[in-house]
Number of protein chains: 2
Amino acid sequence: MKLLDIGEVAERSGVAPSALRYYEEIGLIASAGRKGLRRQYGAATLLQLSLITLGKAAGFSLQEIAGMFGQDGRPDLPRDQLHARADALEAQIRELTALKDALRHVADCPAPSHLECPKFQKLLRAGSITAEV
Amino acid sequence: MKLLDIGEVAERSGVAPSALRYYEEIGLIASAGRKGLRRQYGAATLLQLSLITLGKAAGFSLQEIAGMFGQDGRPDLPRDQLHARADALEAQIRELTALKDALRHVADCPAPSHLECPKFQKLLRAGSITAEV
DNA sequence: CTGCCAATTAAAGCCAGCTTGAGGTCAAGG
DNA sequence: CCTTGACCTCAAGCTGGCTTTAATTGGCAG
């Protein structure tokens, strides 16, 4: 099993060395060992980092990501909790879609005041966060 | 036009008064005026706050949200920039979908090591953030 | 064996996005 | 008129997620 220096992992994963040490500090990843003082990482770490990057892009905190996947990169949670996470993601996807549609609408609709445009308001309500007015 | 105290806006929008003052401080919203010292808000503010909440949920910074919609709640940007924003959102939606599918996969696939499961790796690559291995 | 350069640590610093606290103001109900 | 309590301002503090800095160590090419 070929091991990688932190610099190489950083380069391949796009995650800064300081961030990698930080991830280790909070228990999100673990190095495969040390060569002297130097951390050595296995290929699995690169995949874990993909997952972490993905999760971050999805708006999850590092704690939440750590909760979805243990530091070994495998899911820690019972199936129903994983599905609950996926359901939450679906809800977030719906919100994003609403925002995206709202943006496209304001880009294309010539109405001067979108806040009063019924279609726009409907789009907002589709995100189901509209305050009661 | 009926005006609302900050407390009422907070209650209806779910945004704390301190946050509302902060939003005003950074120019994200504006009060319709003051009654004595007290800020008074119009109904439009509630809609703006929906937009802001939506944008935050979508992972945008307050600066970015302010850039999409002026403090009057109307878009400031030229059409192509709005569409560019929408395109970025679509990319984010694809990532979220990849993560969601990955979660469902690990919830349902009985394989012991998902990191080595080809299907799982493919799901990760669908999010197009996988490090080169 | 030497010297370089990447890696190490601990502690401090930084940004966003608020919240909290102290001390003060004032609109409205009794 | 007086009290009450919601509001005000300003400054400091807090969390998350790192980065930066300073001082040090040690692997490895020559």
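Quick caveat, the model's predicted, so the values are computed rather than measured. Order of the sequence lines fixes the chain letters, A, B, ..., with proteins taken first and strands second; residue numbering starts at 1 for each chain.
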query = For the side chain of A/Arg38 and the base of C/dA6, is some donor closer than 3.5 Å to an acceptor across the two?
reply =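 Such a pair exists between side chain and base.
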Output the rounded distance in Å from [atom1] ([X]) to [atom2] ([N]).
{"X": "A/Ile6", "N": "C/dA6", "atom1": "CD1", "atom2": "C1'", "result": "11 Å"}
{"X": "A/Ile52", "N": "D/dG16", "atom1": "CD1", "atom2": "P", "result": "17 Å"}
{"X": "B/Leu3", "N": "D/dC7", "atom1": "CG", "atom2": "C1'", "result": "16 Å"}
{"X": "A/Asp5", "N": "D/dG27", "atom1": "CG", "atom2": "P", "result": "11 Å"}
{"X": "A/Glu64", "N": "D/dT15", "atom1": "CD", "atom2": "C1'", "result": "14 Å"}
{"X": "A/Ile29", "N": "D/dC18", "atom1": "CD1", "atom2": "C1'", "result": "14 Å"}
{"X": "B/Glu24", "N": "C/dG17", "atom1": "CD", "atom2": "P", "result": "17 Å"}
{"X": "B/Leu20", "N": "D/dC7", "atom1": "CG", "atom2": "C1'", "result": "13 Å"}

For [N] and [X] - does any side-chain N or O of the residue sit under 4.0 Å from the phosphate oxygens OP1/OP2?
{"X": "A/Arg21", "N": "D/dT20", "result": "no"}
{"X": "A/Tyr22", "N": "D/dG16", "result": "no"}
{"X": "A/Lys56", "N": "D/dC18", "result": "yes"}
{"X": "B/Arg34", "N": "C/dA27", "result": "no"}

Cluster check B/Ile6, B/Ile26: I/L/V/M/F/W/Y, side chain < 4.5 angstrom =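 In one cluster with B/Ile6: B/Ile26, yes.
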5' precedence on DNA chain C between B/Leu62 and B/Leu37 (nearest-nucleotide basis) = B/Leu62
request  = Please tell me which of the listed nucleotides, C/dT9, D/dC18, C/dC18, lies nearest to the side chain of B/Tyr23?
outcome  =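 Given the options C/dT9, D/dC18, C/dC18, the side chain of B/Tyr23 is closest to C/dC18.
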query = Where the side chain of B/Ala19 is concerned, which of C/dC18, C/dT8, D/dC18 is the nearest nucleotide?
reply = C/dC18
Comparing A/Lys35 and A/Ser61 on DNA chain D - which has the more 5′ nearest nucleotide =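 Closest to the 5' end, via its nearest nucleotide, is A/Ser61.
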ask   = Checking all strands, does B/Ile26 fall into the base, sugar-phosphate, or nothing category for heavy-atom contacts under 4.0 angstrom?
value = nothing
ask   = Would you say the side chain of A/Gln92 lies within less than 4.5 Å of the side chain of B/Ile93, judging by non-hydrogen atoms?
value = no
task = Check step by step if side chain to side chain contact (heavy atoms under 4.5 Å, CB included) holds for B/His83 and A/Arg104.
result = CA-CA 6 Å; B/His83 277 300; A/Arg104 295 248 192 252; 2.9 Å; yes
query = Taking it one step at a time, do A/Arg12 and A/Leu49 satisfy side chain to side chain contact (heavy atoms under 4.5 Å, CB included)?
reply = CA-CA 10 Å; A/Arg12 292 210 207 177; A/Leu49 288 171; over 6 Å; no
CD/B/Glu11: more than 12 non-hydrogen atoms of other groups inside 6.0 Å =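 It does not: B/Glu11 CD has 12 such atoms or fewer within range.
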